Number of protein chains: 2
Amino acid sequence: MAGRPRQFDPDTAVEKYVELFWTNGFERTSVDDLQTAVGIKRGSFYAAFGDKNRACTLALDRYIGTNTAGILAVLEAAGNPVDGLCAFLRAAGRFMADNAGRGCLFFSLCSDVEGLPEEVARFLRQHEHDFFARVERRVRDAGKAGLLPEGQSSAAATSFVRAVLFGLNGMARVGALERSILQAAETAATAVHYWPQMARASSTRRGAALP
Amino acid sequence: MAGRPRQFDPDTAVEKYVELFWTNGFERTSVDDLQTAVGIKRGSFYAAFGDKNRACTLALDRYIGTNTAGILAVLEAAGNPVDGLCAFLRAAGRFMADNAGRGCLFFSLCSDVEGLPEEVARFLRQHEHDFFARVERRVRDAGKAGLLPEGQSSAAATSFVRAVLFGLNGMARVGALERSILQAAETAATAVHYWPQMARASSTRRGAALP
DNA sequence: CTAATAGTGGACCATATAGTCCATAATAGG
DNA sequence: CCTATTATGGACTATATGGTCCACTATTAG
């Protein structure tokens, strides 16, 4: 097969795209930005990547393969599921603190999924589902070991973890201090650690029962 | 003072702006949307509101005066600070669950503050600061009563609450189930309830100490 | 050397956007 | 009634955007 060889490396291009989408979000990253970051022109960009949505999806995929996968590895590394969850929350805190101002590309795009093109949105929803399925697996293990708050489903406990992760991301994005982010993660981890000692409902509770 | 009378009510216009910015965010709400929602033309819009940034700030101010203030009232209503914090978290959960897909206008804009025009960003930062100052006041009260996790600063505990709130918002925006959001809030509230019984560091901890 | 193939630059297009301008219309005070 | 004053419609501008097109160029297989 003949043809003129590409004059840029699509792989390192995607790396730059990760950076752009991460720092500026989907809408505020223009095709122009994508071109100039790689030093190519429109023709080359569209030939290589199809369109902005695909470029974003590729960037996301790359991002997940590096950063997100790394955090999930922490979740699954520890022998004890509760230790895994705690280490996971702390690692997430560390990560968010290290990315003050922008947080996590994956969670940030997820938080804005309603406003994204369907193609990107589908990709995100799929991966968000998979991500928390892995969290829930770990939480279920904790449940089998009797380490969840009394009477609480693993779905409920997973929801808490999900909220904390989205929350740490939000904090990073509002520009919270590194220390605040780490403290929040730490407090969440401590709570998880104490799950086995928590009863589900307290006498002062107001809300209705939640299975 | 003479002059042609306005043919629309700026107050109800702002109400519609709240709805628009809340549902679509800042960028995805165009000046055109703002016009047509009120049934006015460009001249009238700019004469009445100045520009898009001011319209957004007005909408935010209105939103805070109704929704945000309402939630803060829950925080401060209960006699016991811990009960206040728990009720506050549950109320936030309820609110987010009731606003699946869009969450809270205030927190959502905060989470995107880096990408907003400076005028709006300043307004947001100011109010975010005030908001959590009020939370922290309540947390400090809890601290005085010895109700924080052992050795944990009120700043740290406040950060946790902050993360949970941003997290509930994120969950609402990813389209989490109503039940998941409520469960997350409930689990967080339970954790707060158990603060007095938590020691700060556990033997299995890894992270460095955080004052 | 030649032809088929694939990449490149950059002009071009349609559309959307925030914001300006101004002639016209509707008031209230004199 | 007249005039100063304010609001209105809507044309207009400048700019940015995602995306298409195509003549041109650099390859390699034969």
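Protein chains get the first letters and strands the later ones, always in sequence-line order, with residue 1 at the start of each. Everything numeric in this text was worked out from a predicted model, so none of it was measured.
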Tell me if the aromatic rings of F123(A) and H127(A) count as close, with their centers under 6.0 Å from one another.
yes

Aromatic contact between F49(A) and Y17(A), with the criterion being ring centroids under 6.0 Å apart: yes or no?
yes

Below 30° counts as parallel, above 60° as perpendicular, anything between as tilted: where do the rings of Y63(B) and F95(B) land?
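Perpendicular, since the angle between the ring planes exceeds 60°.
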
Between [N] atom [atom2] and [X] atom [atom1], what is the distance in whole Å?
X: Q35(A); N: dA11(C); atom1: CD; atom2: P; value: 12 Å
X: E27(B); N: dA16(C); atom1: CD; atom2: P; value: 17 Å
X: F45(B); N: dG19(C); atom1: CZ; atom2: C1'; value: 10 Å
X: F49(B); N: dA18(C); atom1: CZ; atom2: C1'; value: 16 Å
X: E119(B); N: dG19(C); atom1: CD; atom2: P; value: 10 Å
X: R28(B); N: dT15(C); atom1: CZ; atom2: C1'; value: 18 Å
X: R54(B); N: dA18(C); atom1: CZ; atom2: P; value: 17 Å

Looking at [options], which one has an atom nearest to any side-chain atom of [X]?
X: Y46(B); options: dG10(C), dG19(C), dT27(D); answer: dG19(C)
X: S44(A); options: dT17(C), dT17(D), dG9(C); answer: dG9(C)
X: R6(A); options: dT5(C), dT8(C), dA7(D); answer: dT8(C)
X: Q7(A); options: dG19(C), dG18(D), dT8(C); answer: dT8(C)
X: P5(A); options: dT27(D), dG7(C), dG19(C); answer: dT27(D)
X: K52(B); options: dA4(C), dG9(C), dA18(C); answer: dA18(C)
X: A2(A); options: dT8(C), dG9(D), dT28(D); answer: dT28(D)
X: R4(A); options: dT28(D), dG7(C), dG9(C); answer: dG7(C)

Would you mind reporting whether F88(A) and L165(A) have side-chain heavy atoms less than 4.5 Å apart?
yes

Side-chain contact, heavy-atom cut-off 4.5 Å: P117(B) with F26(B)?
yes

Look at K41(A) and dT8(C) and indicate whether a side-chain polar atom (N or O) is within less than 4.0 Å of OP1 or OP2.
no

Contacts of F8(B) and D32(A) projected onto DNA chain D by closest heavy atom; the upstream (5') one is F8(B)

Look at the side chain of R42(A) and the base of dG9(C), then say whether one donor and one acceptor between them are separated by less than 3.5 Å.
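No, the side chain and the base share no sub-3.5 Å donor-acceptor pair.
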
